[in-house]
Amino acid sequence: MSRVSQPWPPVPVEPAVPHPKAPSPGTELGVHFAECFGCGDEADAGLHLRSTVGEGQVVHSRFTVTAAHQGAPGLAHGGLLACAFDEALGSAVGNLMRRPAVTGKLETDFRRPVPVGSTLFIEARLDGIAGRKIYVSADGHLDAEDGPVAVSARALFVVVGFEHFSTHGDPQALEKLAEQHKKNLQQRGERDWEINP
Ligand SMILES: CCCCCCCCCCCCCCCC(=O)SCCNC(=O)CCNC(=O)[C@H](O)C(C)(C)COP(=O)(O)OP(=O)(O)OC[C@H]1O[C@@H](n2cnc3c(N)ncnc32)[C@H](O)[C@@H]1OP(=O)(O)O
C-alpha cells in the first residue's frame, strides 16, 4: 500500500474563517472538560494535552507520552496517538470556529515510532468548510515544534446542535463542561459563547 494520499479536502470547500470571537494567537486554551481523556486534568491516565492558539487558522498542542500510553514496550500505542490528534483537531475546530462539532472521520499516518518520554508537538489547521463539514489536518512533530514528523492526520468534523450531546451524552456532565468553558473564558477575560453563533 502506498502513502500517496487522496486530494485534501476531498470536496470543494470555502475557507474556514475563524469566528470573530475566536481566541487570539498566543492564547492558552485550557481544559475543555475535566474528565476528557484527551485534555482533562481529572483523567489520571489521560493525555493531558495542552493547546495554544497559533497564527492564522492553527492550534498548537502538545502532550508527553507516558508508560500509561504504551502499546509495545517503551512505545506509544497508535490508537492513543490517534486520540491525541482527535483532541488537537477538535480543539482547533471548537475554539477557532466556536461551533459544536464531532469527529465524523479521522485518518492517521504513522511515520515514526513515538517513544515513551517523548513529547509530541501537534500543529492542527483548518483546511476548509463545506456546509456542516469542517476539514482539518495536523502534523505531530517529535520532541520539538520543528522536530521530525512522526504522525500526520486528517479529519472531517461535522457541526451538530447542542442536543447531540444532551440526547446522546450525560446531561449532568454537560453542565460541568459548560461551567468549565465559562471558567476558561473568565480566565482569559472573554465573554461567554453564544449558543447560536
Ligand atoms: C461551541 C464552542 C466550543 C468551545 C470550545 C470547545 C473545545 C472543544 C474541544 C473538543 C475536543 C474533543 C475532540 C474530540 C471529538 C470527538 O471525539 S467526538 C466523538 C466521536 N464522534 C462521534 O461520536 C460522532 C458519531 N457520529 C454521529 O453522531 C453522526 O454520524 C454525525 C457525525 C453527527 C453525522 O450525522 P448527521 O448529523 O446525521 O449528518 P449526516 O447527514 O450523516 O452527515 C453530514 C455530512 O457529513 C458527511 N459525513 C458524515 N460522516 C462521514 C464520514 N465518516 N465520512 C465522510 N463523510 C461523512 C455526510 O456524507 C454528510 O455530507 P453532505 O450530505 O452534507 O455532503
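Just so you know, ligand 1 is whichever comes first in the structure, and atom 1 is the first atom listed for that ligand. The chain is numbered in sequence order, starting from 1.
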Which bit of V158 gets closer than 4.0 Å to ligand 1, counting heavy atoms only: side chain, backbone, both or neither?
side chain
Atom CD of Q187: over 12 foreign heavy atoms under 6.0 Å:
yes
So if I count the atoms of ligand 1 from 1 in the order they appear, which ones are less than 4.0 Å from some heavy atom of H164?
28 (O)
Using the side-chain contact (heavy atoms from CB on, under 4.5 Å) definition, which of the options L174, D170, L177 pairs with F165?
L174
Looking only at heavy atoms, which two atoms of N184 and V31 are closest? And how far apart?
ND2-O, 2.7 Å
Min N/O separation H32 to ligand 1 under 3.5 Å
no
Should F157 and L126 count as side-chain neighbours, where that means a heavy-atom distance under 4.5 Å?
no
Say whether R99, considering both its backbone and side-chain N or O atoms, lies within less than 3.5 Å of an N or O atom on ligand 1.
no
Which of the numbered atoms in ligand 1 are below 4.0 angstrom from a heavy atom of N95?
5 (C), 7 (C)
Out of D86, L185, L89, the nearest non-hydrogen contact to atom 14 (C) of ligand 1 is supplied by D86
Does P100 come within less than 4.0 Å of ligand 1, judged by its heavy atoms?
yes
Numbered in order shown, the ligand 1 atoms found under 4.0 Å of a heavy atom of V160 are 33 (C)
Just to be sure I read this right, does ligand 1 sit under 4.0 Å from the backbone of H168, its side chain, both, or neither, counting only heavy atoms?
neither
Per-atom contacts of ligand 1 with G94, taking only distances under 4.0 Å to non-hydrogen atoms
3 (C), 4 (C), 5 (C)
Within a distance under 4.0 Å of any heavy atom of H181, pick out the atoms of ligand 1 and give their elements.
4 (C)
Lys/Arg-Asp/Glu bridge criterion (N-O < 4.0 Å) met for E28, R62
yes
Using distance alone, decide if ligand 1 has a nitrogen or oxygen within less than 3.5 Å of any nitrogen or oxygen in E87.
no
Which heavy atom in H69 sits nearest to a heavy atom in A45, and how many Å separate them?
NE2-O, 3.2 Å
Minimal heavy-atom distance between Q180 and H32, with the atoms involved, is CG-O, 3.6 Å
The atoms of ligand 1 lying under 4.0 Å from a heavy atom of L156, numbered in the order shown, are 48 (N), 51 (C), 55 (C), 56 (N), 57 (C)
A22 and P18: which non-hydrogen atoms are nearest, and at how many Å?
CB-CB, 4.2 Å
Side chain to side chain donor-acceptor pair (under 3.5 Å) contacts in which one or both residues fall within residues 129-151, not counting sequence neighbours:
R125-S137, R125-D139, D127-S137, D139-S152
